[in-house]
Amino acid sequence: MSDVERLRSALSAVLDELGIAGVDIQLERPRNPEHGDWSTNVAMVSAGRLRKPPREVAAEILDRLDLGGAGVREAEVAGPGFINFRLTSAQLQALLKRILEEDEAYGRREPESPERVVVEFVSANPTGPLHVAHGRGAALGDGIARLLEWTGQVVHREFYVNDAGVQIDRLAASVDARWRQLQGENAPIPESGYHGDYVGGLAREADEELADRLVDASDPDRLDLFREWAVERLKADQDRDLRDFGVAFDEWYPESRVYEEGLIQETLADLTGRDLVYEADGATWLRTTTFGDDKDRVLVKQDGTYTYLVPDIAYHREKARRGYDLAINVWGADHHGYVPRMQAALAALGLEDFLVVEIVQMVRILRGGQEAKLSKRAGDFITLRELFEETGTDVARYFFLMRRGDTQMLFDLDLALDHSEKNPVFKVQYAHARMMSIFRKGGVEPAQRWSGELPLDRLETDDEQDLVKQLARFPEVVRRAAAGRAPHLVCDYLEETAGMANGWYHSGNPSRNPELAVLADDPDLREARLALARGVRIVLRNGLRVLGLTAPDRMEREEQG
RNA sequence: GCGCCCGUAGCUCAGCUGGAUAGAGCGUCGGACUUCUAAUCCGAGGGUCGCAGGUUCGAAUCCUGCCGGGCGCGCCA
């Protein structure tokens with residue numbers, strides 16, 4: 001049982017005695033250390049029900065509380081009626097022991113009934129290289145997936161491949177135009193086509209790989225060849241870019257499968273059966289307004305073709321049929337207006353609350369204080385690969401994750417390329433490497449699991465006790481980040497933890513304060529501090545893993561010149 | 001015009017299921033420093049939380065209205 005849980009159950013018992021069971025017990029860690037390790041507002045919340053002033057209620061609660069049993073050293077009524085608690089040092093030692101015992105599992109949880117969650121992200125059209133905005137979606141989607149895994153959910157990472165739409169026709173036409181140019185024809189790329197330099201490269205490669213099949217092909221056959229070849233080729237490129245970025249999908253679900261497996265007809269029949277479809281103006285409409293959309297939506301256009309909504313509904317209906325409890329989609333900001341109609345359509349199928357959409361806002365890249373936009377390769381955007389090859393994958397991922405996904409972000413390339421501790425990624429990784437360095441220096445095997453008794457009562461300084469409390473917060477940070485699908489909370493926590501650990505380490509610089517050094521002469525003190533260093537190491541490593549970053553044993557010095 | 005997101009220190013951003021004196025990093029300023037290999041460390045200054053109302057014992061946080069910025073509002077995808 002953790003420190004909070006002990007305290008919570010003790011408080012709960014008292015509330016029972018007072019006849020106000022069921023009051024929501026909020027325990028929080030006060031910002032101000034003078035307010036103790038834990039603080040609760042239960043007295044203020046229940047003052048109304050007891051018809052007594054909050055401070056009086058607080059005093060009464062304290063009177064009945066079994067402090068020792070709750071792992072509390074002292075408690076006090078403060079301010080308008082807060083009750084502040086300070087933990088016993090035995091309780092602090094127990095917290096650290098738990099970290100050392102759980103080691104690689106510290107911060108993980110295993111719920112009784114795990115949910116099956118499909119996280120769909122990136123889902124870029126296979127019409128060109130991935131750019132930085134896709135990178136943010138990739139980092140965030142994978143970060144959310146990892147958080148859910150750490151909280152015990154069963155996660156499936158899925159990429160929806162739009163291989164059947166108009167965009168693909170345009171891609172094929174663009175490659176075809178480039179190919180005909182190679183044959184000496186005057187064949188301009190269609191206005192609505194793809195004009196990036198990479199299309200020329202595709203045409204040349206297709207010419208080599210498909211050579212003989214192209215020569216005799218009719219115009220429509222050649223377009224089909226290009227369509228099929230280019231989609232496979234670009235999909236493979238995207239997959240390679242993502243893997244090199246540390247993101248691996250469990251499944252690439254092609255839109256064409258929705259058609260091939262007859263899901264369109266099934267879905268339309270399902271909706272029609274629910275009396276939610278009607279004909280008007282020569283088109284077929286879905287009554288999404290019944291489910292909160294601001295207007296009804298067309299399913300089948302006047303010309304008899306489907307709107308993009310149809311395959312999308314069919315696809316998400318299929319996700320539910322595949323047995324997932326929850327679908328999380330990470331979408332670009334340009335699709336946010338699409339969320340209400342999609343959710344309305346799913347609600348129409350009895351799938352309300354099945355789909356959660358996380359919106360990823362735009363990324364601007366800042367280099368040398370100026371906004372960078374141009375890329376030689378892609379024409380009008382910076383590719384994801386260009387970015388992470390320049391900064392390294394750890395840095396790029398972290399920078400995307402350290403901001404909330406739903407706000408626009410400025411990606412400061414100068415800071416990303418800075419290898420000092422100004423760069424938050426390196427600050428955290430240095431702190432980890434620093435602990436590993438101490439282990440090497442101290443002749444300790446870091447992988448070895450802790451067992452037996454440790455003289456943890458020797459951790460007496462404020463820095464040390466604060467650090468233990470900080471490490472104890474980690475599981476709660478993971479839980480909150482997962483619940484809010486907000487990896488940036490983990491980044492904030494890691495930076496704070498690294499800062500505290502670095503401060504602790506530096507204060508023990510042997511040239512200044514040898515008595516504070518981790519590797520102290522006193523064997524017990526040394527052992528206790530090494531245990532704390534190991535706790536720091538565990539939390540930083542696990543935190544970096546949650547984010548999908550490496551936790552280096554040592555930092556490589558930059559090459560000269 | 002309507003909808004969504006945003007507006008917090010010079011800059012980039014946390015904090016937003018209401019809680020005690022609003023935080024971090026960078027930059028600035030002032031001191032130290034050559035190691036427990038570690039590309040430094042310590043400290044200081046810096047805010048009408050866009051504006052105005054409202055709810056509340058208590059509002060950066062919730063509600064309303066403005067102002068400013070971004071995005072979206074197709075029988076396009």
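To find a chain, count down the sequence lines: A is the first, B the second, and so on, and within it residues start at 1. This one's a predicted model, so the numbers in the text were calculated from it and none came from an experiment.
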When the [atom1] atoms of [N] and [M] are considered, how many whole Å apart are they?
N     : M     : atom1 : answer
B:G46 : B:C51 : C1'   : 23 Å
B:G53 : B:A14 : P     : 28 Å
B:C11 : B:G27 : C1'   : 7 Å
B:C13 : B:C75 : C1'   : 43 Å
B:A22 : B:C66 : C1'   : 25 Å
B:G31 : B:G69 : P     : 44 Å
B:C49 : B:G15 : C1'   : 11 Å
B:G30 : B:U21 : P     : 33 Å

Distance below 4.0 Å between [X] side-chain N/O and [N] OP1 or OP2:
X        : N     : value
A:Thr307 : B:A77 : no
A:Thr407 : B:G70 : no
A:His488 : B:G15 : yes
A:Arg404 : B:G15 : yes
A:Asn509 : B:C36 : yes
A:Lys295 : B:G3  : no
A:Lys301 : B:A77 : yes

- Toward the 5' end of RNA chain B, by each residue's nearest nucleotide, A:Val518 or A:Pro340: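 Looking at the nearest nucleotide for each, A:Pro340 comes out on the 5' side.
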- Item | Residue whose closest nucleotide on RNA chain B lies nearer the 5' end, A:Tyr338 versus A:Leu516 |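 This one resolves to A:Leu516.
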Look at all strands and tell whether [X] reaches a base, only sugar-phosphate, or nothing, counting heavy atoms closer than 4.0 Å.
X        : result
A:Asp294 : nothing
A:Asp492 : sugar-phosphate
A:Asp169 : nothing
A:Leu410 : sugar-phosphate
A:His35  : base
A:Gln408 : sugar-phosphate
A:Met44  : base
A:Glu421 : sugar-phosphate
A:Arg526 : nothing

What is the separation between atom [atom1] on [X] and atom [atom2] on [N], rounded to the nearest whole Å?
X        : N     : atom1 : atom2 : result
A:Arg367 : B:C11 : CZ    : P     : 24 Å
A:Met555 : B:U40 : CE    : P     : 12 Å
A:Tyr505 : B:U35 : OH    : P     : 11 Å
A:Phe85  : B:A20 : CZ    : C1'   : 16 Å
A:Tyr278 : B:C75 : OH    : P     : 11 Å
A:Asn502 : B:C41 : CG    : C1'   : 10 Å
A:Arg434 : B:C41 : CZ    : P     : 7 Å
A:Tyr398 : B:A14 : OH    : C1'   : 12 Å

Where does the angle between the aromatic ring planes of [X] and [Y] fall among parallel (under 30°), tilted (30 to 60°) and perpendicular (over 60°)?
X        : Y        : answer
A:Trp331 : A:His335 : tilted
A:Phe411 : A:Phe399 : tilted
A:Trp252 : A:Phe159 : parallel

- Message: Strictly distance-based, threshold 3.5 Å: is any side-chain N or O of A:Asp293 a donor or acceptor partner for the main-chain N or O of A:Pro340?
- Response: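 The answer is no, because no donor-acceptor pair under 3.5 Å joins these two groups.
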- Item | Whether A:Arg440 side chain and A:Asp553 backbone form a donor-acceptor pair below 3.5 Å |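 It does hold such a pair.
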- Closest to the A:Arg403 side chain: B:A14, B:C76, B:C26?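 Nucleotide nearest to A:Arg403's side chain: B:A14.
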- Query: Salt-bridged, A:Lys427 to A:Glu496, with N to O below 4.0 Å?
  - Reply: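 Salt bridge between A:Lys427 and A:Glu496, a charged N being under 4.0 Å from a carboxylate O: no.
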- Query: Salt bridge between A:Asp522 and A:Arg458, side-chain N to carboxylate O under 4.0 Å?
  - Reply: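 Salt bridge flag = yes for A:Arg458 with A:Asp522.
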- Query: Quick one: does NZ or CZ of A:Arg257 land under 6.0 Å from the six-membered ring centre of A:Tyr253, within 45 degrees of the ring axis?
  - Reply: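 Because its charged atom sits under 6.0 Å from the ring centre and within 45° of the axis, A:Arg257 does stack over A:Tyr253.
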- Stacking check A:His336 vs B:G72 (5.5 Å / 30 deg):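 Here the ring of A:His336 and the base of B:G72 are not stacked, as the 5.5 Å and 30° limits are not both satisfied.
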- Ring-base stacking, A:Phe82 with B:A20 (5.5 Å, 30° cut-offs):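 Yes, aromatic ring over the base.
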